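Data block below; observations after.
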Amino acid sequence: MNKLPYDFYCRNSVTLIARELLGKVLVTQLDGVLTSGRIVETEAYNGIVDKASHAWNDRRTNRTEVMYKEGGHAYVYLCYGIHYLFNVVTNKPGIPNAVLVRAIEPLEGITLMQQRKKSSGPLKSLGAGPGNVARSLGLTTLHSGLTLFEDSLYIADDGFRVKRSEIVAGPRIGVDYAGEDALLPYRFFIKGNPFVSGKKQPA
DNA sequence: CTGACGATTCACT
DNA sequence: GTGAATCGTCAGC
């Protein structure tokens with residue numbers, strides 16, 4: 001499959017990249033086993049002017065350092081002490097933009113994903129929600145700072161196309177603390193896709 | 001060093 | 001609908 005090139009990630013519109021990541025395939029190959037899923041839901045985090053971003057107000061720390069790198073790096077961090085969330089760093093060096101992958105449609109390695117979950121359940125539970133995405137693909141903070149040009153971690157274009165009319169934008173989830181910025185339409189998902197997190201979407 | 005808390009999920013009422 | 005799980009990160013002392 002064709003890995004997305006550096007040029008894809010270094011562009012300066014994080015919301016454009018978040019939108020274009022829909023339909024792409026996120027792949028990990030850890031311990032020799034490949035797991036992959038099609039991205040169906042993303043959220044954009046717009047750097048230092050976005051209160052919902054870890055890098056808001058230029059809060060540069062050890063953890064957020066990866067976001068200041070050039071586009072094409074992976075930013076993974078632990079949330080609530082339990083869940084790992086996977087992000088794609090975008091833009092040029094020094095500009096801490098990132099896209100959170102919130103949901104995938106499992107494609108390959110589903111058996112391993114179910115083992116990682118350690119309990120059975122509907123297929124949707126493997127990919128709906130950012131904590132589930134990282135767990136199913138085996139991603140942890142150990143992978144934070146890697147680039148997406150590895151053999152073990154990358155995003156590919158397999159030719160799948162999402163119609164513009166099928167992309168929906170809305171406010172982000174779980175960022176109520178961000179005040180006005182919580183209302184920004186920075187969440188993108190594929191209309192009607194059953195793997196999108198949250199309540200069922202109207203057709 | 002200490003304490004508070006989070007870009008969440010799941011089991012249970 | 002409500003609450004517990006669980007720990008790295010960060011600000012403050």
Side-chain angles (χ1 to χ4, degrees), chain A residues 9 14-19 21-22 26 37 39-69 71 73-91 95-106 113-146 148 155 168-190 194-200:
Chain A
Y9 302 105
V14 66
T15 51
L16 175 68
I17 295 172
R19 183 184 295 256
L21 279 174
L22 295 176
L26 177 57
I39 298 171
V40 298
E41 182 182 0
T42 61
E43 280 181 8
Y45 285 84
N46 192 25
I48 65 176
V49 299
D50 182 356
K51 283 185 186 160
S53 170
H54 290 158
W56 172 67
N57 200 25
D58 207 14
R59 267 167 55 126
R60 190 166 188 155
T61 66
N62 257 7
R63 179 176 63 154
T64 61
E65 189 62 29
V66 176
M67 283 205 280
Y68 286 81
K69 292 177 181 289
H73 284 264
Y75 171 48
V76 185
Y77 87 101
L78 181 64
C79 188
Y80 294 98
I82 301 182
H83 305 289
Y84 295 103
L85 307 208
F86 170 79
N87 303 253
V88 177
V89 175
T90 71
N91 220 313
I95 304 178
N97 288 4
V99 176
L100 170 68
V101 177
R102 286 195 60 87
I104 60 171
E105 174 179 343
M113 292 186 193
Q114 288 170 332
Q115 289 170 2
R116 283 169 174 156
K117 189 171 175 12
K118 290 185 184 134
S119 74
S120 59
L123 195 56
K124 170 171 178 174
S125 70
L126 294 176
N132 292 324
V133 170
R135 182 185 53 203
S136 290
L137 295 175
L139 292 166
T140 72
T141 49
L142 294 175
H143 307 103
S144 194
L146 293 178
L148 298 173
I155 298 176
V168 186
R172 290 171 293 186
I173 292 177
V175 295
D176 295 341
Y177 61 88
E180 310 173 351
D181 288 342
L183 303 176
L184 294 171
Y186 281 2
R187 172 175 176 244
F188 302 95
F189 58 95
I190 299 177
F195 294 92
V196 170
S197 66
K199 294 176 183 166
K200 198 177 89 174

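Since this is a predicted model, take the numbers as computed values, not measurements. Just so we're on the same page: letters track the sequence lines, and every chain starts at 1.
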For A:Ala128, side-chain contact (heavy atoms from CB on, under 4.5 Å) partners two or more places apart = A:Lys124, A:Ser197
Quick one: which protein N/O atoms are closer than 3.5 Å to N/O atoms of nucleotides 11-13 of chain C? Pair and distance per line, please.
| residue | atom | partner | partner atom | Å |
| --- | --- | --- | --- | --- |
| C:dA11 | OP1 | A:Arg59 | NH1 | 3.4 |

Inter-nucleotide P distance (B:dA7, C:dG1), Å rounded | 22 Å
Mind checking side chain to side chain donor-acceptor pair (under 3.5 Å) for A:Glu65 and listing every partner two or more places apart, or none if nothing turns up?
-> A:Arg60
Any residue meeting side chain to side chain donor-acceptor pair (under 3.5 Å) with A:Asp58, in chain and number order, not counting sequence neighbours = A:Tyr68
Listed partners of A:Arg59 passing side chain to side chain donor-acceptor pair (under 3.5 Å), at least two apart = none
A:His83 NE2 to C:dG8 P, in whole Å, measures 15 Å
Side chain of A:Arg172, backbone of A:Ala182: donor and acceptor closer than 3.5 Å?
-> no
In chain order, what residues pass the side-chain contact (heavy atoms from CB on, under 4.5 Å) check against A:Ile82, with sequence neighbours excluded?
-> none
Pairwise C1' distance for B:dC5 and C:dG3, with rounding to whole Å = 16 Å
When you check the phosphate oxygens OP1 and OP2 of B:dC10, does a side-chain N or O of A:Asn132 lie under 4.0 Å from one of them?
-> yes
First encountered from the 5' end of DNA chain C, between A:Thr141 and A:Ile82 = A:Ile82
Nearest-angstrom distance from the residue atom NZ of A:Lys118 to P of B:dA11 = 14 Å
Taking only Watson-Crick and G-U wobble pairs with both distances under 3.5 Å, what dot-bracket line describes DNA chain B, where [ ] shows pairs that cross earlier ones and | shows pairs with another strand?
-> ||||||.|||||.
With sequence neighbours left out, write down each residue that passes side-chain contact (heavy atoms from CB on, under 4.5 Å) with A:Thr140, or none if nothing qualifies.
-> A:Tyr84, A:Leu142, A:His143
Residues which pass side-chain contact (heavy atoms from CB on, under 4.5 Å) with A:Lys117, listed by chain and number, not counting sequence neighbours | A:Ser119, A:Ser125, A:Leu126, A:Arg135
Listed partners of A:Tyr45 passing side chain to side chain donor-acceptor pair (under 3.5 Å), at least two apart = A:Glu43
Counting just side-chain N and O atoms, does A:Arg135 come under 4.0 Å of either OP1 or OP2 of B:dC10?
-> yes
Side-chain N,O (A:Lys117) to OP1/OP2 (B:dC10) below 4.0 Å = yes
Backbone N or O of A:Lys51 within a donor-acceptor pair of the A:Asp181 side chain at under 3.5 Å?
-> yes
Any protein N or O atoms within reach of nucleotides 4-7 of chain B? Criterion: under 3.5 Å, listing atom names and distances.
| residue | atom | partner | partner atom | Å |
| --- | --- | --- | --- | --- |
| B:dG6 | N3 | A:Tyr80 | N | 3.4 |
| B:dA7 | OP1 | A:His54 | NE2 | 2.9 |
| B:dA7 | OP2 | A:Tyr177 | OH | 2.8 |
| B:dA7 | N7 | A:Ala52 | O | 3.4 |
| B:dA7 | N7 | A:His54 | NE2 | 3.2 |
| B:dA7 | N1 | A:Asn87 | OD1 | 2.3 |

Ring pair (Phe, Tyr, Trp, His ring centres under 6.0 Å) involving A:Tyr77 - partner list, sequence neighbours excluded | A:His54, A:Tyr75
